[in-house]
Amino acid sequence: MALVEFAFISPIILLMGVVGIEMANQAVVNMRISQAAMHIADNASRIGDRDSLVAQKIYEGDINDLFIGVGIQAGNGIDLFENGRIVLSSLERNGDGGQTIKWQRCMGKKVVGSSYGGEGTGATGTGFPGMGESGKELQAGSGEAIMFVEIEYDYQPLVNNTLTSKFLPAAAIRSEAAFNVRNARDLSGIHQRSGSSSPVSACSKYESI
């Protein structure tokens with residue numbers, strides 16, 4: 001009798017165990033994606049030449065280093081760039097006092113763009129409200145910049161099973177983070193270092209490092 005009862009209930013116990021493991025893994029991946037967004041935004045706000053006499057310039061190589069770093073720190077094991085997309089935007093003020101996405105760099109094979117527009121959005125006028133939750137958008141002050149990061153990632157389940165997917169559908173994980181630039185920065189754009197030509201992580205390309 002005990003063996004018969006166990007035979008009936010063991011598939012249910014097994015299913016509950018697998019779903020529980022998937023839920024725990026999804027929570028861990030969510031945390032890693034959130035930490036990755038914070039990591040990029042924080043570091044992007046700090047990069048640049050250290051010279052107290054002039055505004056700090058940033059270079060294409062600096063941006064590439066940010067993506068490489070987050071790929072090692074947070075993306076290792078989840079194939080962040082194979083299954084996701086990072087969008088780094090510089091939110092600044094335009095000449096009319098409005099908000100604009102001055103430049104934007106991307107990395108990852110997932111075909112998705114920024115939820116707030118591409119590079120050059122809000123270049124003129126005051127119609128662009130900024131970036132972030134509707135009604136609570138972040139806005140850059142005069143002569144300042146905000147590093148705004150968006151990450152979207154297609155969760156990869158541990159167990160690719162039709163039955164478990166009914167209880168825990170695999171959905172895209174999305175995270176955002178933003179930091180004000182720490183020091184005076186040259187806001188004219190991203191530069192190339194003298195004598196070198198670093199690859200540009202343009203948002204028109206869908207590639208992995």
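All values below come from the heavy atoms of this structure, side chains included, with hydrogens, waters and symmetry mates left out.
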Exercise. Do the side chains of V149 and I86 get nearer than 4.5 Å, heavy atoms only?
Worked result: yes
ask   = Between N94 and T124, is any side-chain donor less than 3.5 angstrom from a side-chain acceptor?
value = no
When rounded to the nearest 0.5 Å, the distance separating OG of S45 from CD1 of I146 is 11.0 Å
Item to check | Donor on one side chain, acceptor on other, E60 and H191, under 3.5 Å | outcome: no
Exercise. Should I151 and V87 count as side-chain neighbours, where that means a heavy-atom distance under 4.5 Å?
Worked result: no
Let me see the working for E92 and E144 under side chain to side chain contact (heavy atoms under 4.5 Å, CB included), right down to the final yes or no.
CA-CA 6 Å; E92 303 173 23; E144 298 178 350; over 6 Å; no
- Ion pair present between R174 and E150, side-chain N to carboxylate O less than 4.0 angstrom? yes
Report task. Decide whether S89 and Q104 meet the rule of one side-chain donor and one side-chain acceptor closer than 3.5 Å. Result -> yes
* **Under 3.5 Å donor-acceptor, Q192 side chain and S198 backbone** => yes
Does any non-hydrogen side-chain atom of N64 lie less than 4.5 Å from one of P199? yes
- Determine, stepwise, if the pair V29 / Y155 fulfils side chain to side chain contact (heavy atoms under 4.5 Å, CB included). CA-CA 8 Å; V29 173; Y155 174 70; 3.9 Å; yes
Side chains of R193 and K57: closer than 4.5 Å at any heavy-atom pair? no
> Given L80 and Y153, is the side chain to side chain contact (heavy atoms under 4.5 Å, CB included) satisfied, shown in steps?
Replying inline: CA-CA 7 Å; L80 176 58; Y153 174 79; 4.0 Å; yes
When every non-hydrogen atom of G122 is compared with those of T100, the smallest separation belongs to O-CB, 3.1 Å
Ion pair E82/K110, N-O distance below 4.0 Å: no
Heavy-atom distance under 4.5 Å between the side chains of I58 and D186, does that happen here?
no
What side-chain donor-acceptor pairs closer than 3.5 Å can you find for residues 125-142, not counting sequence neighbours?
| residue | atom | partner | partner atom | Å |
| --- | --- | --- | --- | --- |
| E137 | OE1 | G135 | N | 3.2 |
| E137 | OE2 | G135 | N | 3.1 |
| Q139 | NE2 | P129 | O | 2.8 |

Minimal heavy-atom distance between L88 and A44, with the atoms involved, is CD1-CB, 4.1 Å
For this session: Using a strict cut-off of less than 4.0 Å between a Lys/Arg side-chain nitrogen and an Asp/Glu carboxylate oxygen, indicate whether D79 and K109 qualify as a salt bridge.
Result: no
Scanning both residues in full, the closest heavy-atom pair of K205 with V200 reads NZ-O, 2.7 Å
TODO: Show your working on side chain to side chain contact (heavy atoms under 4.5 Å, CB included) between C203 and R85 and close with a plain yes or no.
DONE: CA-CA 10 Å; C203 293; R85 180 83 162 168; 4.1 Å; yes
For a 4.5 angstrom cut-off between non-hydrogen side-chain atoms, does E176 reach F148? yes
Going by heavy atoms in the side chains, are F179 and M38 under 4.5 Å from each other? yes
